[in-house]
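Report on the structure given below.
If you're wondering where the values come from, they're calculated on a predicted model, not measured in any experiment. Every number for a ligand or one of its atoms is a count from 1 in the order of the listing. FYI, side chains are in, hydrogens and waters are out, and symmetry mates aren't considered; it's all heavy atoms of this structure.
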Amino acid sequence: MDFRTLSFSVYSNSFGCHSYENCRGVYQLFPFWNALVGTAFRLSPSRLFGRLQRYVSSHSWPRGMLRPFHREARERSMSSAVTTQVTDLQNYVNGAWRRSTAIEYVDVTNPATAEILARTPLSTSADVDAAVQAASDAFPAWRRTPPGERVQYLFKLKNLLEENIDELSRVITLENGKTFPEAKAELRRAIENVEVACGIPMMMQGYNLEDVTPGVDEMQIRQPLGVVAAIVPFNFPAMVSYWFLPYAIACGNTFILKPSERVPLSMHRAFELLEKTGLPKGVINLVNGGKDVVNALCDHPQVRAISFVGSTPVAKHVYTRSAASGKRMQCQGGAKNHVIVLPDADMELATQIISDSAFGCAGQRCLAVSVAVTIGEAQKTFRDSIAHAASSIRTGNGLESGIQMGPVITKESKQRIESLISAGVGEGAKPIVDGRNTKIPKYESGNFLTPTILDDLPSSSQLANTEIFGPVLSLIHANSIDEAMEFLRRSPYGNQASLFTTSGSAARKFRYEAPAGNIGINIGVAAPMAYFPFSGWKESFFGILHGQGRDAVEFFTESKIVVERWSRQETRKF
Ligand code: NAD
C-alpha cells in the first residue's frame, strides 16, 4: 500500500471530531477506504468490509496499528469518505475544543510524502488570554485538591497512553517522519515521566525541625506557582511536553501547552486522551500557534513560569522576554555534541552506538552526536567502520518495516543541511559518505537525505561549531585526549559529551572535566531517565532548574518557610 494516499484521509477525518470515540471507526477505516476507493462504489458494505479484511490480513502492519472497528462507525465513515477537506485544528481551552481566532494557518505536512495532514491555526493573543483565564480560574480548586487525588488522573493517563501507544506512535511518524520504532521509544519516555510524576505526594514533601529555639518549630513546605506554560519543538512531538505537563499539574499548577506548529497532531491526540481522564476543566489547555502565541505567553502577567525547548536563538529570546515580567524560566536550547573515541575503545560497539546516535531520528535529536574526535590509531579503524555503518542504513518512510532512518522535517531543513555539508566541504572536509541529493523511490517528494560523513573537518572550521540537526557526522582527529577536550571547551554548546574507552581512569578524567550537562561513557545518546533531570550547559540551557526528576518538582513549586510558635498554655491543652 502506498502511504502517500493514506495519511491524508486519516487526518482530514479524525481530527475534525471533538470526541475520538465518535470518529474512531473513521480513523481506522480510512486507509483501507482509500486503497479500495476505485472499486468501493461497486460493492455492498458487507462485501467491501470483507475485501478490506482480506487486504489488511495480506499486509504487514505495525502491531496495534489496526483495531476492529464498529459497524456503526463504519457506516458513518462510508458516508464521509469522499470528504477530503484538510482539517483546521482547534485549541483545547477550559475543558472544550474551540476554534482559534486565527486568520493565518500553517500546513502540517507528512515529511515522507509531502501530503498535507491538517492545518495549524496561528492563534492570537486573544486565544492566549482565554487559555490563561481558564487556567487561572481553575487554579484555586486544583491547588486545594490533595496531591494523592491529583495524581489519580495521571494513573489514568498512563493507562490510556499504554492502550494507545501504537496509534500515537503512528501519528508521530506521520507528522515528524521518524521511524515507527523510534516514535514508540519516544512515547515510552513520555510514559515514564507520567509514572515518575505519580510520585509527587512523596517528591513534593518539605522538611521540618522542632524547637529551633525552645517552643518554636520551623518547616519548609512546597506550594504550586499558579498558571504555567510549556513551549516545545518539532523533533519530539510527544515526549518533550511530558517533561513538564505531568509534574506541573501533579504539583497543583494549571497548565498551557503550545506545541510546535509543524507537528501538532500528537499532542492534539494526547489532549483527547487527557480529556478522558476527567481532569477538571481549565487544568490543562492547548493553544496552537507560532511566535505570537509564544510572545503572548512570555508577556502575560498571570503566567508564572515558562518551560521552553527549541533552538538557542529562540531559547534566549524567550528567556529574556519572560524575565521582563518576572517569570521563572527553564529554556533548553540547541546543541553540537562531541564524542571522543580512544584507541582502546571496543570499536564494534563504538561504531554501532555512534552510528545510532548520529543518524537515529535523522540526526534531529538534541543529543545526537555531531562530531567524533578520534585519538591516535582510532582515526583509521573508526573512520572505516563508521563509513561502512553509515552506508548500510536503510532510509525511507518510517512506517515501512525495516526502515532505519526517516526524512528530515521540511524541505527547507533538507536544503539547509545540504548547504551546511557543502560549506563543510568548502572548509576542507572530505565527504567520504555523501547523503546529498537523495531520492527515495516511491517517495520522490519526501525530505530525504541519507547519512553523510565528513572526514577531516578542520577543528577551526565554522561547521565544527554549527548545529546541523540532520544526519551528518563530522570526523576530527586529535593526538591526545587533552587536545580533544580543548575542542569541547571551545564549543558554544554544552548539551552532551561522550567518550568511548575501556580505560577507567580516562573515563573518570572525562566525567570530571567534560564541559557538558549530559555525559555518556560508552553511551551515544546520554538521555537521562525521567527520574533524573535533563541537564544542559552553556548555550544549550538558560535557567537553573531543568526538566524531569527532582528539578521539575522544584521548578513547579515555590518554597515557603514557616517559623511557628504556640503559647505554652495552648500546647498544654493537647
Ligand atoms: P525552534 O526554536 O524553531 O522552535 C521551538 C518553539 O519555539 C516552537 O514551538 C516554535 O513555534 C517557537 N518559535 C520558533 N521561532 C520563534 C520565534 N522567532 N519567536 C518565538 N517563538 C518561536 O526549534 P525547532 O526547530 O522546533 O526544534 C529544533 C531545535 O530544538 C534544535 O535546535 C534542537 O537542538 C533543539 N532541542 C533542544 C532540546 C534540549 O533538550 N536542549 C531538545 C529538543 C530540541
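Between Met329 and the options Leu545, Ile306, Ile544, a side-chain contact (heavy atoms from CB on, under 4.5 Å) holds for only Ile306.
Tyr242 has its side chain within reach of Leu161: a pair of non-hydrogen atoms, C-beta onward, lies under 4.5 Å apart. Asp88 has its side chain within reach of Arg99: a pair of non-hydrogen atoms, C-beta onward, lies under 4.5 Å apart. Side-chain contact between Gln364 and Lys178: absent, with no pair of heavy atoms (C-beta onward) separated by less than 4.5 Å.
Heavy-atom distances between Trp243 and ligand 1 reach below 4.0 Å in at least one pair. For Arg262, the heavy-atom gap to ligand 1 drops under 4.0 angstrom. Under a 4.0 Å heavy-atom criterion, Phe308 is in contact with ligand 1. Using a 4.0 Å cutoff on heavy atoms, Gly333 counts as a contact of ligand 1.
Residue-to-ligand polar distances place Phe234 within reach of ligand 1: an N/O pair is separated by less than 3.5 Å.
For atom 44 (C) of ligand 1, the closest non-hydrogen atom on the protein side is Asn235 OD1, 3.3 Å. Atom 40 (O) of ligand 1 has Gln332 NE2, 2.7 Å as its closest protein atom, hydrogens excluded (heavy atom only).
Glu192 and Arg188 are not joined by a salt bridge, as no carboxylate oxygen comes within less than 4.0 angstrom of a charged side-chain nitrogen.
Within a 4.0 Å radius of atom 4 (O) of ligand 1, the protein has no heavy atom.
Contact annotation for Ile231 and ligand 1: only side-chain heavy atoms (C-beta onward) come within less than 4.0 Å of the ligand.
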